[in-house]
Amino acid sequence: MKKITKSELIEVLSERLQNLPSKDVELAVKTILEQMSNSLSNGRRIEIRGFGSFSLHYRPPRIGRNPKTGESVALSGKHVPHFKPGKDLRERVNDGYQKELDKA
């Protein structure tokens, strides 16, 4: 599966938005990502209609295992970011991926 990096995303957007300098596009992408990170780190949920929502899930403390020694290790609870795709995104991804599979 192909991936796209932040710099590749900036390049793609710069090509599409030729009326904007690429530095402005880069600043916009970085600002959006920074704002999303700040919101999540402050415990706020992010909802983007038609795309999906970002929220925090709590993982309670548990006993883990050191893979090298097999020794039990107490792990503390933590909050982890969670993304739930919206209906439109799920359908678009599923349709697009199915077309790729049909081509092969």
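We count residues from 1, following the sequence as given. Excluded from the calculations below are hydrogen atoms, water molecules and symmetry mates; all remaining heavy atoms, backbone and side chain alike, are included. Remember, it's a predicted structure, so these values are computed and weren't measured experimentally.
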Could you please spell out the steps behind the side chain to side chain donor-acceptor pair (under 3.5 Å) verdict for Gln98 and Asp102?
CA-CA 6 Å; Gln98 190 60 46; Asp102 292 343; 3.2 Å; yes

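- Judged by distance alone, with hydrogens and angles left aside, the side-chain atoms of Asn42 form a donor-acceptor pair with the main-chain N or O of Asn38 at under 3.5 Å.
- Rounding to the nearest 0.5 Å places CD of Glu15 at 10.5 Å from OG of Ser22.
- Rounding to the nearest 0.5 Å places NE2 of His79 at 12.5 Å from OG of Ser41.
- Within the 4.5 Å cutoff, the side chain of Ile46 has heavy atoms near those of the Leu40 side chain.
- Shown here is Phe83, whose CZ atom has more than 12 heavy atoms of other residues, nucleotides or ligands within 6.0 Å.
- Contact check for Gln35 versus Leu33: no side-chain heavy atoms found under the 4.5 Å cut-off.
- The minimum heavy-atom distance linking Gly64 with Leu75 is given by the pair CA-CD1, 3.9 Å.
- Leu20 and Leu13 fall within a single hydrophobic cluster, where Ile, Leu, Val, Met, Phe, Trp and Tyr side chains are chained together by heavy-atom contacts under 4.5 Å.
- Using a 4.5 Å heavy-atom threshold, the side chains of Asp88 and Phe51 count as separate.
- In this structure, His57 NE2 and His82 NE2 are separated by 4.0 Å, a value rounded to the nearest 0.5 Å.
- Grouping the Ile, Leu, Val, Met, Phe, Trp and Tyr side chains by contacts below 4.5 angstrom, directly or via other members, places Ile4 apart from Val93.
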Under the salt bridge (charged side-chain N to carboxylate O under 4.0 Å, His left out) rule, what do Glu47 and Arg49 come out as? Steps first, then yes or no, please.
CA-CA 6 Å; Glu47 184 174 322; Arg49 297 273 173 186; 3.3 Å; yes

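- Ion pairing of Glu34 with Lys30 is absent here, as no side-chain N (NZ or NE/NH1/NH2) approaches a carboxylate O to less than 4.0 Å.
- Interatomic distance, OG of Ser14 versus CG of Leu9, reported as 9.0 Å (0.5 Å rounding).
- A 4.5 Å side-chain heavy-atom check between Phe54 and Met36 finds at least one atom pair inside the cut-off.
- Of all the heavy atoms in Lys3 and Glu8, the pair that sits closest is O-OE1, 3.7 Å.
- For the pair Arg65/Val73, no side-chain contact is recorded, criterion being any heavy-atom separation below 4.5 Å from C-beta on.
- Atoms CD1 and CG, on Ile10 and Asp24 in that order, are 11.5 Å from each other to the nearest 0.5 Å.
- The backbone N or O of Pro85 lies less than 3.5 Å from a partner atom in the side chain of Arg90, making a donor-acceptor pair.
- Residues Arg45 and Ser53 approach most closely at NH2-OG, 3.2 Å, considering heavy atoms.
- Atom CD of Glu71 sits about 6.5 Å away from atom CG of Asn66, to the nearest 0.5 Å.
- Put simply, Ile48 and Leu56 are part of the same group of oily side chains (I, L, V, M, F, W, Y) that touch within less than 4.5 Å, one to the next.
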